[in-house]
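Each chain gets a letter, A, B and so on, in the order its sequence line appears, and its residues count up from 1.
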There are 2 protein chains.
Amino acid sequence: MVKSEQKSIRGEDLKAKVLQTTLKLFSQQGYFNTSLQDIRKSCGVSIGAIYHHFENKEALAKALFETLLDEMNQVIMEAMDPHDSCRAQSHAVAEALFQLTLDEPQKMQFILMAQHREYLPDAAPICSSRPFQSMKDIVEQGMRKKEIRSLDDWVAASTMFGGALRLMNLHLDGALDRPLMELLEETMDCAWRGLKA
Amino acid sequence: MVKSEQKSIRGEDLKAKVLQTTLKLFSQQGYFNTSLQDIRKSCGVSIGAIYHHFENKEALAKALFETLLDEMNQVIMEAMDPHDSCRAQSHAVAEALFQLTLDEPQKMQFILMAQHREYLPDAAPICSSRPFQSMKDIVEQGMRKKEIRSLDDWVAASTMFGGALRLMNLHLDGALDRPLMELLEETMDCAWRGLKA
DNA sequence: GTCTATAAATGGATAGAC
DNA sequence: GTCTATCCATTTATAGAC
């Protein structure tokens, strides 16, 4: 039944299907444990079709990675947009990222926990990617407006989001007993107490 | 010259040399980008010798991983030992881990940034390993003694050490402009403000 | 205990038909 | 644009000499 639904997939739909399947397999097993044959089988497509849309395995991973970083950055921008204060923006961003972690665990797994530089030699470290830069910007802005006290930029950013990011990791590792979202208020309150002017 | 120094390495010395070389290569290139041939060449030993001391590549990685987790836990225990209060213990542990990151970046790189479960299917998530459990214990103890306010255990632990761990990551990624150790006081002060009763 | 040579399998990538 | 068949390099692991 699954097979019959897929048989007519072509063009951009096929490309999207490949990306979707690749995300699933990479996040579950990792890049190196996933062969192109695995991807081929899992989405009922041929090797030739995959190579038509992506130059090679590395380019496939790169396309996926960049798509997800863009998406994450989009989520961050939309979350902070309606707010003015550093505190409100940070809270909204953390909430949006928690929600994304719950809605799309594979995407967050791939972004947060994969070692991209092992297979994308030219990739920048994740901490300098746009979404993480956006988060750092929020905190630096808050420091300029004296909402948070004067601290090293990296210390301030790590304090604001370090706890929340760690909880996302723990959730994805299955370590948390309580629902992730229930921990949002406490975590961001702790961060704020540590930073406020 | 290097070769002539190594030619007589045998037995336990050889085993240690293999582990040391493996750490270097795994932390630099990752597990999957490092072949046994790479290890063989890099430490001037034969494949046969490696297989004599380790059942297979996975067992080699496992031996290395467990050694490093033990070492890290040892560092933590020794750092907290002279202190009583949760605050002093946490500070000492963070300082010791910063120092370990500076002294042995490859070891911390391997512990903090590798995705061990991609090649050690039976490995527990890193957050439940002994060193991380020790850190969590310090915080929970502090909560019982009312030094820090009543919070979810994971939130408290993530707040106390989330910032410091993130800074270690950033340092290893080369993202920090300032020396890691200069950020210790500020980071742990932020964490403490967020947690104190 | 250490070595070399090689087996056996797998994976990325290509060629060419449709 | 998609498919199948195949090439070639690489890798883990073993066998057997020393």
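- Distance NZ (B/K57) to P (D/dT10): 15 Å, rounded to an integer number of Å.
- If you take CD1 of B/I39 and P of D/dA13, they are 11 Å apart, rounded to a whole angstrom.
- We find that CG of B/N56 is positioned 10 Å from P of D/dT12, with the value rounded to whole Å.
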Exercise for review: May I have the step-by-step check of side-chain hydrogen bond (donor to acceptor under 3.5 Å, both in side chains) for B/E78 and B/Q74, ending in yes or no?
Suggested key: CA-CA 6 Å; B/E78 282 174 15; B/Q74 184 82 8; 3.0 Å; yes
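- Using a 4.0 Å heavy-atom distance criterion, B/S46 is classed as a base contact.
- With A/F54 as the aromatic partner, A/K15 meets the cation-pi criteria of under 6.0 angstrom to the ring centre and within 45 degrees of the ring axis.
- In this structure, CG of A/L36 is placed 15 Å from P of D/dT4, rounded to the nearest angstrom.
- One interatomic measurement links the two molecules: CZ of B/F32 to P of C/dG12, which rounds to 12 Å at whole-angstrom precision.
- Between B/H53 and the phosphate of C/dT2, there is a side-chain N or O to OP1/OP2 separation shorter than 4.0 Å.
- Looking at A/D189 and A/R193, a side-chain N of the basic residue comes within less than 4.0 Å of a carboxylate O on the acidic one, giving a salt bridge.
- Rounded to whole Å, the distance from NZ on A/K17 to C1' on D/dT2 is 17 Å.
- Looking at the side chain of B/Q37, the nearest of the listed nucleotides D/dT12, D/dT2, C/dG12 is D/dT12.
- To the nearest angstrom, P of C/dG16 lies 18 Å from NE2 of A/H52.
- The distance between atom OH of B/Y51 and atom P of C/dT2, rounded to the nearest whole Å, is 16 Å.
- The aromatic ring centroids of B/H116 and B/Y31 lie 6.0 Å or more from each other.
- Within the nucleic acid shown, A/I47 comes within 4.0 Å of at least one base atom, counting heavy atoms only.
- Both B/G48 and A/D38 sit near DNA chain C, but only B/G48 has its closest nucleotide nearer the 5' end.
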